Amino acid sequence: MMRIEIRREDTGCLGGGCLGVVALAGWITAIVRDAMMLKWLWLILDLLLPPLGALRGIFMWFGWA
């Protein structure tokens with residue numbers, strides 16, 4: 001007799017971990033806000049250095065940037 005087992009791993013946040021989702025959201029936040037406020041130098045830096053943009057975006061959520 002054949003048995004089928006279904007294993008489900010709860011890794012959370014689309015299977016890649018929440019840290020990547022938060023970093024991507026922070027990066028998008030920084031890019032959108034800089035584009036809206038016409039801060040071109042920050043926008044270029046955010047696009048060229050995505051980790052910097054992700055940190056800036058997260059800081060923007062708390063009002064630190």
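Every heavy atom of this structure was used, including side-chain atoms; hydrogens, water molecules and symmetry mates were not. Keep in mind it's a predicted model, so treat the numbers as computed, not measured.
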Next on the checklist: For R33, give me all partners under side-chain hydrogen bond (donor to acceptor under 3.5 Å, both in side chains), at least two apart in sequence or on another chain.
Outcome noted: none

Next on the checklist: Taking salt bridge (charged side-chain N to carboxylate O under 4.0 Å, His left out) as the cut-off, I'd like each qualifying pair that reaches into residues 18-27, sequence neighbours left out, listed once.
Outcome noted: none

Next on the checklist: Please list all pairs meeting side chain to side chain donor-acceptor pair (under 3.5 Å) that have one or both residues in residues 43-52, counting only residues at least two apart or in different chains.
Outcome noted: D46-R56

Next on the checklist: Could you report the tightest heavy-atom contact between A23 and A54, atom names first, then the distance?
Outcome noted: O-CB, 3.5 Å

Checklist entry - Rest of the hydrophobic cluster containing L43 (Ile/Leu/Val/Met/Phe/Trp/Tyr, side-chain heavy atoms under 4.5 Å)? => result L24, W27, I28, I31, V32, M36, L38, W40, L47

Check residues 57-65 and write down every donor-acceptor pair under 3.5 Å in which the side-chain atom is one partner and the other belongs to a residue at least two apart or another chain.
{"from": "W61", "atom 1": "NE1", "to": "T29", "atom 2": "OG1", "distance (Å)": "3.1"}

